[in-house]
Amino acid sequence: MMTIDEAITASAPLGLLLDIKLLDPAVLPPILAIVKATGALQRCVLGLRDIALVAAARALSSDVALLALTTDPGAASEARDAGANWFRL
């Protein structure tokens, strides 16, 4: 089994969606650190399942692309205000 940094490196040069299913914001700093350390920041989108996580990720990095994977199709403006670049309907 590959580690996350091995998988990110192996996926180059493709764009990469990291679908973060965990809801604890404590997972974000180590994930962002790996994304940055592997040089994948410009080709990576973090998929986050909670608006609070979008805001937490945006507070950690102004450069990472964020996809709000919410269950509420009416939450687009809330996702945008939290810092999302993308929104899933």
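With values rounded to the nearest 0.5 angstrom, Arg80 atom CZ is found 15.0 Å from Trp86 atom CH2.
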Apply side-chain contact (heavy atoms from CB on, under 4.5 Å) to Thr70 and Phe87, showing your working. CA-CA 8 Å; Thr70 68; Phe87 183 75; 3.5 Å; yes
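With a 4.5 Å cut-off between side-chain heavy atoms of Ile, Leu, Val, Met, Phe, Trp and Tyr, the cluster of Ile31 takes in Ile4, Ile8, Leu16, Leu18, Ile20, Leu22, Leu23, Val27, Leu28, Leu32, Ile34, Val35, Leu41, Leu46, Leu48, Leu53, Val54, Leu60, Val64, Leu66.
For the residue pair Cys44 and Ala65, the shortest heavy atom distance occurs at O-CB, 3.7 Å. Between Pro25 and Pro29, the closest heavy-atom pair is O-CD, 3.4 Å. Here the closest heavy-atom approach between residue Arg58 and residue Asp63 is recorded as NH1-N, 4.1 Å.
Every salt bridge (Lys or Arg N to Asp or Glu O under 4.0 Å) that Asp19 has, sequence neighbours left out, goes to Lys21, Arg49.
Remark: the Asp5 side chain and the Thr3 side chain contain an N/O donor-acceptor pair separated by less than 3.5 Å.
With a 4.5 Å cut-off on side-chain heavy atoms, Arg43 and Ser11 count as touching.
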